[in-house]
Protein chains: 2
Amino acid sequence: MKQKSAEILAIGTELLMGNTINTNAAYLARGLAQNGINVYHQEVVGDNPQRLMDSLTQAFTRSDIVITTGGLGPTYDDLSKETIASYFGRKLVMDEASLEHIKQHFATIGRVMTDNNRKQAMMPEGCTIFPNPNGTAPGCAIEKDGKVAFMLPGPPREMKPMFEHYVIPYLLKDSDTRLCSRMIRFFGIGESGLETKLHDLMVSSTNPTLAPYAKSGEVMLRITVRVGREEDPEPLFAPMIEKIEEAAGEFIYGIDIENLQTAAVNRLKETGKTAATAESCTGGYVSKRLTEVPGASEVFQCGVCTYSNEMKEQLLQVSHETLSQYGAVSSETAKEMAAGVRRLSKADIGVATTGIAGPQGGTEEKPVGLVYVAVDSENYSEVLELHIPSRGDDAREYIRYIASSHALHLIWKAAGAGKK
Amino acid sequence: MKQKSAEILAIGTELLMGNTINTNAAYLARGLAQNGINVYHQEVVGDNPQRLMDSLTQAFTRSDIVITTGGLGPTYDDLSKETIASYFGRKLVMDEASLEHIKQHFATIGRVMTDNNRKQAMMPEGCTIFPNPNGTAPGCAIEKDGKVAFMLPGPPREMKPMFEHYVIPYLLKDSDTRLCSRMIRFFGIGESGLETKLHDLMVSSTNPTLAPYAKSGEVMLRITVRVGREEDPEPLFAPMIEKIEEAAGEFIYGIDIENLQTAAVNRLKETGKTAATAESCTGGYVSKRLTEVPGASEVFQCGVCTYSNEMKEQLLQVSHETLSQYGAVSSETAKEMAAGVRRLSKADIGVATTGIAGPQGGTEEKPVGLVYVAVDSENYSEVLELHIPSRGDDAREYIRYIASSHALHLIWKAAGAGKK
């Protein structure tokens with residue numbers, strides 16, 4: 001069977017002007033990929049019938065499926081339905097069921113239905129209508145000569161359920177394969193370093209395929225397999241994951257897990273351990289990220305941000321001698337902070353950061369980007385000296401983020417120590 | 001002068017697959033619009049030379065400027081430079097300065113430079129090179145017959161400074177007018193509420209123009225004027241700002257200021273006051289945001305995250321009676337936390353948060369989204385009861401973010417109390 005491919009065409013001046021970020025495209029692309037439909041183009045056009053028509057025509061020269069989002073509103077500049085219908089040689093007709101739904105919607109929220117809202121119930125002749133329980137504009141599919149356009153509303157909370165409940169079943173009604181993916185996450189190795197280790201595997205594999213990408217100090221590797229509609233993908237994944245673990249297992253912190261903080265919290269829960277944080281240069285970033293994870297309260301005791309030396313001494317009992325001999329930014333201080341917050345909170349694991357986040361405050365001996373991260377626990381203690389690149393406008397954010405990632409990674413390591 | 005228009009062409013399989021949201025496009029579109037350059041199309045293609053060539057060719061039939069992001073990485077599938085150079089009939093040559101920079105980058109971070117990184121220093125013949133202080137891949141502009149392509153790296157922290165420092169000046173080098181903007185920032189009023197107050201002003205103004213944006217619980221109003229290249233814009237800004245202050249001054253927390261945390265830190269510095277934070281549901285978000293601001297160490301004493309009741313009692317001396325009578329999520333607890341951290345740190349201002357960030361933990365009486373935020377200081381104390389909407393996948397993040405915004409706003413208010 002010919003492999004289907006789709007394009008995503010977002011319509012809206014607010015996207016073109018950059019006032020709204022096009023999160024819909026990523027959502028749709030993921031959903032299509034998971035269902036074995038390749039996406040080779042995404043596009044954004046404004047509320048302009050001629051440019052929309054041009055882009056639609058162009059898209060259908062490349063793909064059989066075009067999914068549009070937005071442009072279904074009641075205002076006079078929302079003309080996408082007219083434009084798309086005319087591409088298919090159809091006119092708009094009133095859909096009484098949709099009109100009834102819109103009337104009810106206004107009755108429910110207690111507002112008067114203005115006349116332009118009737119326009120939202122005008123649908124292309126012969127289309128398949130998708131009801132919209134979360135808003136007023138219905139969506140639809142319109143098909144001709146093997147080409148199909150799906151028109152979906154722009155607001156994500158209306159678009160997403162419509163995609164899941166109507167578009168996916170519509171698309172899969174005669175497919176015989178699907179794509180499945182797993183994501184391996186690495187910490188402590190760069191993209192090119194990982195590629196060097198996995199190069200032979202990457203170029204020789206076709207099913208599964210491997211795709212690495214790097215983001216904010218981490219590298220991810222997506223493994224994608226194509227299987228039959230009812231086929232279990234696991235027999236294709238397992239040997240590949242084994243090979244990757246052989247080549248670079250020491251850097252893997254999780255598979256199909258969202259991020260470092262989730263890995264850390266999950267492992268704390270699994271091992272029944274608790275953690276506490278003592279932060280200087282990261283100023284709360286570590287605890288903020290840990291507590292992003294729902295249920296973190298079960299494993300996170302407390303965090304303290306001790307910016308001043310006084311607070312380091314008073315709250316964490318870092319010794320005055322250590323601070324005066326080695327300074328606040330030192331491995332000795334980091335170690336004492338980690339031990340101190342562990343003692344204060346009675347947590348199993350204490351983690352600490354101290355460093356120079358910049359842009360001011362660096363010296364030749366202790367430059368901006370120098371950060372010490374320490375972990376203290378019964379089975380595992382470690383202190384890292386990091387030299388985080390500190391160039392660019394958001395160097396401070398980057399240094400703090402990377403330092404907090406190392407702290408989360410150390411919690412993860414300490415939580416797993418002694419684990420068989 | 002002919003009005004210039006540009007297209008944004010993002011390159012990357014991770015965008016096409018939906019693993020990364022294309023935030024770059026919105027950033028670039030805003031930046032171009034602010035400089036008087038219209039954007040009529042945005043597009044995303046994968047790391048595929050043929051499709052990239054097709055899209056590039058298509059884009060140049062519509063626009064004179066194409067800005068690409070991504071595809072400049074070291075790995076074998078990053079072929080955009082080759083493709084774009086070949087569109088312009090150029091070949092790639094080694095740029096020694098860029099190579100030197102890449103070598104230094106690896107030396108600084110203490111990693112071995114692998115051979116594939118040399119590829120990042122291969123640049124199209126005759127292009128204008130944009131150095132990348134924040135990463136390894138330089139960008140460039142390549143021009144021919146009135147068409148110009150800008151190639152920028154994909155990671156936002158590399159792309160944004162390059163756009164600002166090189167692309168914008170390049171684009172404006174022969175323009176005779178320029179656009180200047182000022183941004184007024186509001187807290188405590190919604191977009192439609194602000195529009196109602198400013199409606200007449202907004203529809204009647206053409207130079208300046210007014211454009212409101214809402215984002216994450218705040219509203220911003222951009223005032224834009226078009227002036228001659230050497231003309232002072234201030235005489236156009238001043239009377240407009242005065243009118244806006246008359247209509248909605250009570251909600252303004254800053255002009256041309258980056259965010260609430262910067263406003264809070266600046267005002268603390270101005271008034272010589274210090275602040276400390278005590279966080280429950282926000283788990284460090286308030287201190288993380290405060291310490292994002294360079295120099296926060298001058299005014300930020302310490303922060304504590306007390307997730308458990310024990311830590312609230314032990315560290316902040318919240319009374320056992322208050323916790324058992326009113327519960328941890330109550331205005332009484334919030335007040336005692338704020339007073340407690342102020343006492344602990346000897347800061348002038350203590351701020352505290354306690355609430356239900358969800359998704360679990362809500363009850364009928366205390367639902368997810370209920371948050372108390374308190375501030376305690378000599379001249380100004382207040383406690384807020386917030387009911388933050390909690391629908392959607394990222395409700396936890398939203399609730400924590402909005403609560404931390406209120407806490408920062410209260411620090412700002414308390415720091416200004418008694419100020420003439």
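Proteins come first, then strands; the chains are lettered A, B, ... in the order of their sequence lines, and each starts at number 1. Excluded from the calculations below are hydrogen atoms, water molecules and symmetry mates; all remaining heavy atoms, backbone and side chain alike, are included.
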Between the CZ atom in B:Phe300 and the OG1 atom in A:Thr306, the distance rounded to the nearest 0.5 Å is 9.5 Å

Under 4.5 Å to a heavy atom of chain B? For A:Thr196 that would be side chain

Review point. Should we count CE of A:Met17 as having more than 12 external heavy atoms under 6.0 Å?
Key: no

(message) Is it the case that the side chain of B:Arg51 and the backbone of A:His41 share a donor-acceptor pair, with hydrogens and angles ignored and the cut-off at 3.5 Å?
(response) no

B:Gly284 and A:Ser287 have their tightest heavy-atom pair at CA-OG, 3.5 Å

Under 4.5 Å to a heavy atom of chain A? For B:Pro155 that would be neither

What one should report as the nearest heavy-atom pair of A:Arg62 and B:Ser55 is NH1-OG, 4.4 Å

Among B:Glu14, B:Glu7, B:Gln58, B:Gln360, the residue with the most heavy-atom pairs under 4.5 Å to chain A is B:Gln58

* To do: Inspect the surroundings of CD in B:Glu258 and state if more than 12 heavy atoms from other residues, nucleotides or ligands are less than 6.0 Å away.
  => no

If you tally heavy-atom pairs under 4.5 Å between each of B:Arg157, B:Glu43, B:Arg30 and chain A, the highest tally belongs to B:Arg157

Rounded to the nearest 0.5 Å, the SG atom of B:Cys302 sits from the NZ atom of A:Lys312 at a distance of 10.5 Å

Whatever's closer than 4.5 Å to a heavy atom in chain B on A:Val299 counts as neither

Honestly, the part of B:His165 sitting under 4.5 Å from a heavy atom of chain A is side chain

| Any side-chain heavy atom of B:Val39 within less than 4.5 Å of one from A:Val44? | no

On a heavy-atom basis, the closest approach of B:Asn117 and A:Ser192 is ND2-OG, 3.5 Å

Taken to the nearest 0.5 Å, the spacing of A:Tyr307 OH from B:Gln301 CD works out to 12.5 Å

Residue from B:Val304, B:Asn134, B:Leu16, B:Thr114 scoring the most non-hydrogen pairs under 4.5 Å with chain A is B:Leu16

The interface call for A:Ile189 against chain B, heavy-atom contacts under 4.5 Å, is backbone

If you tally heavy-atom pairs under 4.5 Å between each of B:Pro161, B:Ala29, B:Ala278 and chain A, the highest tally belongs to B:Ala29

Exercise. Without swapping roles, check the side chain of B:Gln42 against the backbone of A:Leu15 for a donor-acceptor pair under 3.5 Å.
Key: yes

Scanning both residues in full, the closest heavy-atom pair of A:Thr20 with B:Ala26 reads O-CB, 4.1 Å

I'd like to know if the side chain of A:Arg400 reaches the main chain of B:Lys288, judged simply by a donor and an acceptor atom lying under 3.5 Å from each other, with no hydrogens or angles considered.
yes

Determine, stepwise, if the pair A:Leu315 / B:Leu344 fulfils side-chain contact (heavy atoms from CB on, under 4.5 Å).
CA-CA 9 Å; A:Leu315 273 180; B:Leu344 175 74; 4.0 Å; yes

Practice task
Answer yes or no: does atom CZ of B:Arg222 have more than 12 heavy-atom neighbours from other residues, nucleotides or ligands under 6.0 Å?
Solution key: yes

Heaviest contributor of heavy-atom pairs below 4.5 Å to chain B, chosen from A:Asp394, A:Leu28, A:Val45, is A:Asp394

So, the part of A:Gln314 with a heavy atom under 4.5 Å from chain B: the answer is side chain

Bottom line for B:Ser308: the part with an atom under 4.5 Å from chain A's heavy atoms is both

Problem set entry | Donor-acceptor contact below 3.5 Å, side chain A:Arg396 vs main chain B:Glu292 | yes

Bottom line for A:Lys346: the part with an atom under 4.5 Å from chain B's heavy atoms is side chain

Looking only at B:Ile21, B:Thr282, B:Asp54, the option with the highest number of non-hydrogen pairs under 4.5 Å against chain A is B:Ile21

Rounded to the nearest 0.5 Å, the CD atom of A:Glu279 sits from the SG atom of B:Cys305 at a distance of 7.0 Å

Whatever's closer than 4.5 Å to a heavy atom in chain B on A:Ser280 counts as neither

Would you check if there is a donor-acceptor pair between the side chains of A:Tyr213 and B:Asn19 at a distance under 3.5 Å? yes

